[in-house]
Structure formats: structure tokens, C-alpha cells
Undergrad: 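I am attaching a structure below and will ask some questions about it afterwards.
Per chain, numbering begins at 1; letters A, B, ... match sequence-line order.
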2 protein chains.
Amino acid sequence: MTLRDRLAAANLKATHQRMTILAALDDCKIHPSPEKVYEMIKPGNPTISLATVYNTLESFARAGLVNKVASISGNMRYDANIGAHGHIYCHNTDEIIDYYDEDLNMLIIDFFKKKKIGNLKIKNITLNINGDKLDRNKEVTIK
Amino acid sequence: MTLRDRLAAANLKATHQRMTILAALDDCKIHPSPEKVYEMIKPGNPTISLATVYNTLESFARAGLVNKVASISGNMRYDANIGAHGHIYCHNTDEIIDYYDEDLNMLIIDFFKKKKIGNLKIKNITLNINGDKLDRNKEVTIK
DNA sequence: GTGTTTGCAAAAGCTTTGCAAAGTT
DNA sequence: AACTTTGCAAAGCTTTTGCAAACAC
């Protein structure tokens with residue numbers, strides 16, 4: 001599905017800024033802040049405004065095109081991956097890393113087939129792992 | 001364990017402000033923001049400063065006495081419950097509700113006995129359920 | 001008494017808003 | 001042509017900071 005089509009499906013007009021921002025988010029695996037997205041696209045779009053990045057990300061989130069992720073570091077982060085997955089928060093490096101495990105996903109789905117939550121329209125369920133990187137220069141490994 | 005002892009154990013001097021703030025958090029199940037804590041204790045402590053509430057909550061979180069919880073609504077929230085538990089975020093009411101289920105807890109503990117995460121010192125693992133309340137005037141029910 | 005903590009006010013982030021100009025369909 | 005979106009600057013939040021006075025041990 002093209003950027004254009006995804007915007008159309010979300011009822012958003014296909015402006016150059018929106019396509020640039022959505023493409024940047026698709027490419028960016030680090031759950032960037034609006035400021036970070038701005039830095040990423042500024043070189044190729046020198047006239048873009050930071051406020052537009054903020055507003056655009058917010059409208060994407062409202063439309064369900066991306067997920068807004070709250071972070072302990074005090075700014076919002078955006079995630080182009082809208083499938084079911086969890087996050088690893090490294091507090092000492094301010095990184096947010098995707099965590100997906102098929103078995104865990106099944107476990108959670110099965111669990112909530114039995115336990116029902118009433119009076120709530122569930123958007124998503126995510127497992128959050130909070131911690132500190134031991135060696136800041138190395139990756140977090142999942143095995 | 002008394003408020004005094006908990007502060008001592010965290011290496012924090014037992015000031016009147018700290019005991020008031022810790023007691024308020026203990027009593028408050030709604031994961032209050034610093035502003036909200038300030039409103040709660042202000043009547044009985046008219047000279048307390050909002051900055052002190054911010055700084056105190058932050059030092060409690062650093063000491064592991066409470067948990068800092070990031071929220072989509074743009075402010076931080078604090079949680080006196082430091083045991084393993086999850087959260088239900090109602091985006092339309094800005095409520096954060098505790099979610100604890102014995103079975104789910106076991107499931108998650110067992111799961112992470114098998115799947116290891118390397119180069120990360122895990123602080124806690126929480127399951128977050130994001131959604132909107134259907135009837136804003138009624139409680140979310142868990143069964 | 002020594003060192004830490006508080007209150008105040010000011011400053012520093014992060015995010016939203018108002019409005020004219022530009023863009024989209 | 002009608003309506004929406006953008007850029008800019010200003011305003012509005014939340015949170016942190018500097019420093020003298022007050023407090024804890």
C-alpha cells in the first residue's frame with residue numbers, strides 16, 4: 001500500500017509534508033520523538049515547520065496510522081508499527097526497542113479470551129519491559 | 001513499615017513534606033500527577049511548593065520507593081504500588097487503573113524464564129491495556 | 001553545627017494554537 | 001472554487017533549576 005493510499009484510507013489529504021513524515025516513520029525503528037523526525041527530514045525539506053511535524057504526527061495517531069507511545073523521558077514517541085508488539089524501555093539510554101514474540105502474543109490473546117474487561121473498548125495490549133542497558137555501547141539481545 | 005522507616009530505608013531524610021507526599025500516594029489509587037498530589041495535600045499544608053512535590057516524587061522514584069508512569073496525556077504519573085502489576089489506560093478519561101491477575105503474572109514470569117533478554121537490567125515488566133471507556137460514568141470491570 | 005531540603009521565582013523543555021499564505025482535490 | 005493544511009511566532013503546558021532560608025540529624 002503506497003503512502004498516498006494509506007493517507008487516503010485515513011481520510012487525510014496527501015500533502016508532501018505528510019508523505020515525508022510517514023515515510024520517515026516507516027524507515028525509523030527507534031520510535032522517534034517529533035523533534036527527532038524533524039531533524040531527520042529537515043535536510044531534504046528545509047522549509048518544514050516543527051509545529052507541522054507535531055500536528056501531523058498527532059493526526060496520524062488519531063487516524064490510527066501510527067501509535068503514540070508515552071515515554072519516561074518526557075516527550076512523546078511515535079511508532080509506525082501498529083501490529084501487536086511490546087516495547088523494551090532502556091531508561092539510561094532513552095531507547096525504545098520493539099519486542100515481539102509469537103508465543104507470548106498467543107499467550108496474551110488466549111489469556112484475554114478468558115478474562116474479560118468490561119466497559120472498555122480496547123485499542124491494544126502491549127507488554128512493556130523497563131530496565132537499564134548494562135553496556136550502553138552494545139545492543140539488547142533477545143533469545 | 002512506617003513512613004519514617006521507608007524513607008530511612010531509601011536514604012531520604014524524614015521531612016514533613018516527604019511524609020505527607022508519601023502518605024498521599026499510598027492513599028491514592030488513581031496514579032496522580034504531581035499537580036494532583038499538590039492539590040491533595042495543599043489544604044493541610046498551605047506553604048508547600050509545587051516544585052517540592054515534583055522534586056520529591058522524582059527522588060522517590062529514583063530511590064525505588066514509587067514508580068514513575070509515563071502517560072499519553074502529557075504529564076507523569078506516580079504509583080505507590082511497586083509490586084508486579086499492569087495498567088489499564090483509559091485515553092478518553094485519562095484514568096490509569098491497576099490491573100493484577102495472579103495467573104497472568106505467573107504466565108509472564110514463566111515466559112521470561114525461557115526467553116532471556118541480554119544486556120538489560122530489568123526493573124519491571126508490565127502489561128498495558130490501552131483503550132477508551134465506553135460509559136465514562138461507570139467503572140471498568142475485570143472478571 | 002553540618003549538610004540537606006524547601007519555597008519561591010525564573011527558566012527551560014515540550015506541545016498547541018491563531019492566522020495568513022499556500023496547497024489539495 | 002471550496003476547503004484543508006502549512007509555516008511562523010506566540011502562548012500554554014509540564015518540569016527543572018538557582019539560591020537564600022529553614023530543617024533534620
Side-chain angles (χ1 to χ4, degrees), chain A residues 2-22 24 31-39 41-63 65-66 68-78 91 94 96, chain B residues 2-22 24 31-39 41-63 65-66 68-78 91 94 96:
Chain A
T2 66
L3 295 171
R4 275 206 123 71
D5 292 344
R6 285 159 69 197
L7 288 171
N11 258 305
L12 296 168
K13 294 194 198 307
T15 66
H16 182 237
Q17 291 88 334
R18 284 177 177 163
M19 290 200 280
T20 306
I21 293 170
L22 189 52
H31 307 80
S33 62
E35 184 80 41
K36 180 78 190 169
V37 172
Y38 180 67
E39 283 170 29
I41 62 179
K42 181 92 188 180
N45 305 266
T47 67
I48 202 163
S49 156
L50 180 55
T52 298
V53 177
Y54 271 96
N55 293 331
T56 301
L57 288 170
E58 193 55 34
S59 64
F60 285 178
R62 255 199 316 271
L65 222 46
V66 308
K68 188 175 183 176
V69 180
S71 139
I72 285 291
S73 52
N75 55 10
M76 292 298 158
R77 312 282 283 266
Y78 292 84
H91 293 206
D94 199 21
I96 300 177
Chain B
T2 67
L3 294 171
R4 276 207 123 70
D5 291 346
R6 284 159 70 197
L7 288 170
N11 258 305
L12 296 169
K13 294 193 200 305
T15 66
H16 181 239
Q17 292 86 336
R18 282 177 178 163
M19 290 200 282
T20 306
I21 293 170
L22 190 51
H31 307 79
S33 63
E35 184 79 40
K36 178 80 190 165
V37 171
Y38 180 68
E39 282 171 29
I41 62 180
K42 181 95 189 180
N45 305 265
T47 67
I48 203 163
S49 157
L50 180 56
T52 298
V53 177
Y54 271 96
N55 292 333
T56 301
L57 288 171
E58 191 57 32
S59 64
F60 286 178
R62 255 198 316 271
L65 221 47
V66 308
K68 188 175 182 175
V69 180
S71 137
I72 286 290
S73 51
N75 54 11
M76 291 297 159
R77 313 282 284 264
Y78 292 85
H91 292 209
D94 199 22
I96 300 177

Undergrad: Would you say A:Ile48 and A:Thr20 make side-chain contact, with heavy atoms under 4.5 Å?
TA: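 Not in contact.
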
Undergrad: Give the rounded distance in Å between these two atoms: CD of A:Glu58 and C1' of D:dT6.
TA: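 Answer to the nearest Å: 17 Å.
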
Undergrad: Could you go step by step and tell me if A:Met19 and A:Leu7 meet the side chain to side chain contact (heavy atoms under 4.5 Å, CB included) rule?
TA: CA-CA 8 Å; A:Met19 290 200 280; A:Leu7 288 171; 3.5 Å; yes

Undergrad: Does any non-hydrogen side-chain atom of A:Asn75 lie less than 4.5 Å from one of A:Glu35?
TA: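 Answer no - side chains too far apart.
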
Undergrad: So with a 6.0 Å cut-off around NZ of A:Lys36, is the heavy-atom count from everything else above 12?
TA: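 For A:Lys36, atom NZ is not crowded (no more than 12 foreign heavy atoms under 6.0 Å).
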
Undergrad: Mind running a 4.0 Å heavy-atom check of residues 44-55 of chain B against DNA chain C and sending the residues that fall below it, in number order?
TA: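 Heavy-atom cutoff 4.0 Å gives B:Thr47, B:Ile48, B:Ser49, B:Ala51, B:Thr52.
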
Undergrad: Would you mind telling me which residue lines up with the more 5' stretch of DNA chain D, A:Lys42 or B:Pro34, judged by nearest nucleotide?
TA: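 With A:Lys42 and B:Pro34 compared, the 5'-side residue is A:Lys42.
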
Undergrad: Between B:Met76 and A:Asn11, just flag the one whose closest nucleotide in DNA chain D comes earlier from the 5' side.
TA: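 The residue closer to the strand's 5' end, by nearest nucleotide, is A:Asn11.
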
Undergrad: Using whole Å, report how far CZ of B:Arg18 lies from C1' of C:dT5.
TA: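 The distance from CZ of B:Arg18 to C1' of C:dT5 comes to 6 Å, rounded to the nearest Å.
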
Undergrad: Taking five pairs at each end, how big is the angle between the two axes of the helix from C:dG1-D:dC25 to C:dT25-D:dA1, to 10°?
TA: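 So the angle between the two local helix axes works out to 50°.
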
Undergrad: Nucleotides 23-25 of chain D: which of its N/O atoms have a protein N/O under 3.5 Å away?
TA:
unit_1	atom_1	unit_2	atom_2	d
D:dC25	OP1	B:Ala14	N	3.3

Undergrad: Could you tell me if the side chain of A:Val53 sits less than 4.5 Å from the side chain of A:Gln17, heavy atoms only?
TA: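 A:Gln17 vs A:Val53: side chains apart.
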
Undergrad: Hey, does B:Tyr54 have a side-chain heavy atom less than 4.5 Å from the side chain of B:Met76?
TA: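 B:Met76 vs B:Tyr54: side chains apart.
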
Undergrad: How far apart are the C-alpha atoms of A:Tyr78 and A:Lys68, what are their side-chain angles, what is the distance that settles it, and do they pass the side chain to side chain contact (heavy atoms under 4.5 Å, CB included) test?
TA: CA-CA 5 Å; A:Tyr78 292 84; A:Lys68 188 175 183 176; 3.6 Å; yes

Undergrad: Check whether B:Arg77 reaches the backbone of B:Val69 with its side chain - one donor and one acceptor, N or O, closer than 3.5 Å.
TA: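 The answer is no, because no donor-acceptor pair under 3.5 Å joins these two groups.
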
Undergrad: Quiz question: by atom type and distance under 3.5 Å, do the side chains of B:Asn55 and B:Thr52 form a donor-acceptor pair?
TA: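 No, B:Thr52 and B:Asn55 have no side-chain donor paired with an acceptor closer than 3.5 Å.
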
Undergrad: Verify, without hydrogens or angle tests, whether B:Ser59 (side chain) and B:Thr56 (backbone) share a donor-acceptor contact under 3.5 angstrom.
TA: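 Looks like yes, one N/O pair under 3.5 Å.
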
Undergrad: Taking all heavy atoms of B:Leu50 and all of B:Tyr38, pick out the closest pair and write down the distance.
TA: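 Looking at all heavy atoms of both residues, the closest pair is N-CE1, 3.5 Å.
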
Undergrad: To the nearest angstrom, how far is B:Asp94 atom CG from D:dC13 atom P?
TA: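 Computing the B:Asp94:CG to D:dC13:P distance gives 15 Å.
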
